[in-house]
Amino acid sequence: WDRDAGTFLVSVNSTMIAGELYVLAFKLHNPVQANTNTSGFQPLRVVASPNMNGESEIFNGSGYAVKQDTTLTHTDAYQYHNSTADDLWPQYIREISYEMKMVNQSKPFPCAPDNQIMVGLTLNVPLLSSCKHADVNVFNVTPTVSIIGLKGSETQASNLALTGSSPFGGVLASWNKTTGTISMMPSAETVAGQVYYFSFMVTNKAEGQAAPTLSMRTDTILDALGQVPVVTPDA
């Protein structure tokens, strides 16, 4: 395997029969950045060398299997949620999408000590524990989900306990009162398309205020431009 060239070399150790169907597979570690520009993909080429004098063939002129409208089979926890034919193209990497991004509260009352902030989250990609570390060449990072802008509470703690769906329920999330930011790393890998509900408590201040503008992001996972997408949650 030559990563830079994208070349996979297989040495055949026995005679191959003309007309026989041979199937092989190998695993690659996907990057954190989306890659959805299938029109710009280079053609895949199979080269028989040296016995066939370097004879080569380009698959279907485009380098990939014929695109078909089909649903992929679920494999373990990594479900191909809302699969399309593009998912079959080698090194097509999905853009992260928030199919549910709900944030609401239980109590709008001044001085309430138990205002429950409830979150509903569904992503089109799983959050895996094998993302590449930003600073060192190690694949050991689980993405962190953050909600930013929850300003105006009286909650001073630096960590808040989450309750609700596993793998978010039971997590101790970091909390920054000044910026109103809560950041939570799931305790296990999530599943694409799964709905997760979880919540945490804050204490309301005595003064009334308008609802601040919130944003949500999942670090480590990048869009096709190399940026972390930021979205606005729904109430």
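The shown structure was predicted, so the numbers you read here are calculated from the model rather than taken from an experiment. Keep in mind that the numbers below use all heavy atoms, side chains included, and drop hydrogens, waters and symmetry copies.
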S.K.: Under the 3.5 angstrom rule, does the side chain of Q33 hit a backbone N or O of I221 as a donor-acceptor pair?
M.R.: no
S.K.: Can you see which heavy atom on L150 is nearest to which on I182, and at what distance?
M.R.: CD1-CG2, 4.3 Å
S.K.: I need the L162 CG to L160 CG distance, nearest 0.5 Å.
M.R.: 7.5 Å
S.K.: For a quick test of reading the model, state the closest non-hydrogen atom pair linking D114 to S106 and the distance between them.
M.R.: O-OG, 3.9 Å
S.K.: About how many Å separate CG of L214 and CD1 of I147, when rounded to the nearest 0.5 Å?
M.R.: 7.5 Å
S.K.: F168 and M216: same hydrophobic cluster, using ILVMFWY side-chain contacts below 4.5 Å?
M.R.: yes
S.K.: Is Y92 close to D87 at the side-chain level, that is, under 4.5 Å between some pair of heavy atoms?
M.R.: yes
S.K.: Verify the neighbour count for atom NZ of K151: are there more than 12 heavy atoms of other residues, nucleotides or ligands below 6.0 Å?
M.R.: no
S.K.: Compare all side-chain heavy atoms of I96 with those of P229 and state whether any distance is below 4.5 angstrom.
M.R.: yes
S.K.: Mind checking the OH-OG spacing from Y196 to S166? Nearest 0.5 Å is all I need.
M.R.: 8.0 Å
S.K.: For L222 and V228, which heavy atoms make the closest approach, and how far apart are they?
M.R.: CD2-CG2, 3.6 Å
S.K.: Checking the side chain of S146 only, and the main-chain atoms of S183 only, is there a donor and an acceptor separated by less than 3.5 Å?
M.R.: no
S.K.: Find out if a path of hydrophobic residues (ILVMFWY) with successive side-chain heavy-atom gaps under 4.5 Å connects L9 to F26.
M.R.: no
S.K.: Hydrophobic cluster membership, with links at side-chain heavy-atom distances under 4.5 Å among I/L/V/M/F/W/Y: are F200 and Y197 in one?
M.R.: no
S.K.: Which residues satisfy the side-chain contact (heavy atoms from CB on, under 4.5 Å) test with D234, sequence neighbours excluded?
M.R.: K101
S.K.: Run the side-chain contact (heavy atoms from CB on, under 4.5 Å) test on L127 and T220 for me, step by step, so that the C-alpha distance in whole Å, both residues' side-chain angles and the decisive distance to 0.1 Å come before the verdict.
M.R.: CA-CA 10 Å; L127 300 181; T220 306; over 6 Å; no
S.K.: Is any side-chain heavy atom of T203 closer than 4.5 Å to a side-chain heavy atom of S153?
M.R.: no
S.K.: Side chains of F8 and D2, heavy atoms from C-beta outward: is any pair under 4.5 Å?
M.R.: no
S.K.: Quick one: do V191 and I93 end up in the same hydrophobic cluster if we chain Ile, Leu, Val, Met, Phe, Trp and Tyr together by side-chain heavy atoms under 4.5 Å apart?
M.R.: no
S.K.: I need the T36 OG1 to D223 CG distance, nearest 0.5 Å.
M.R.: 9.0 Å
S.K.: Between the main-chain N or O of M201 and the side-chain N or O of N115, is there a donor-acceptor pair closer than 3.5 Å?
M.R.: no
S.K.: Just so I know, are the side chains of W175 and N159 near enough to count as touching, which here means a heavy-atom distance under 4.5 Å?
M.R.: no
S.K.: Is there a side-chain contact between S165 and F198, using heavy atoms and a 4.5 Å cut-off?
M.R.: no
S.K.: Do N176 side-chain atoms and T181 backbone N/O form a donor-acceptor pair below 3.5 Å?
M.R.: no
S.K.: Does R217 reach the main-chain N or O of V231 with its side chain, forming a donor-acceptor pair under 3.5 Å?
M.R.: no
S.K.: When hydrophobic residues are tied together by side-chain contacts of less than 4.5 Å, even through go-betweens, does V125 share a cluster with M184?
M.R.: yes
S.K.: So which atom in A206 and which in P110 form the shortest heavy-atom distance, rounded to 0.1 Å?
M.R.: O-CB, 3.3 Å
S.K.: For residues S199 and Q116, report the shortest heavy-atom separation together with the two atoms involved.
M.R.: OG-NE2, 2.9 Å
S.K.: Hey, is the main chain of K132 close enough, under 3.5 Å, to the side chain of H29 for a donor-acceptor pair?
M.R.: no
S.K.: Nearest 0.5 Å, what's the CD-CE distance between Q105 and M118?
M.R.: 8.0 Å
S.K.: I'd like to check N124 versus R94 (side-chain heavy atoms, cut-off strictly below 4.5 Å). Are they in contact?
M.R.: yes
S.K.: Mind running side chain to side chain donor-acceptor pair (under 3.5 Å) on Q91 and N30 for me, showing each step along the way?
M.R.: CA-CA 7 Å; Q91 287 306 283; N30 287 346; 3.2 Å; yes
S.K.: Using side-chain heavy atoms (C-beta onward) and a distance below 4.5 Å, is L123 in contact with Y98?
M.R.: yes
S.K.: Say whether, by atom type as modelled, one donor and one acceptor occur between the side chain of D219 and the main chain of T144 under 3.5 angstrom.
M.R.: yes
S.K.: First locate atom CG of L172, then atom OG of S187, and finally report the distance between them rounded to the nearest 0.5 Å.
M.R.: 12.0 Å
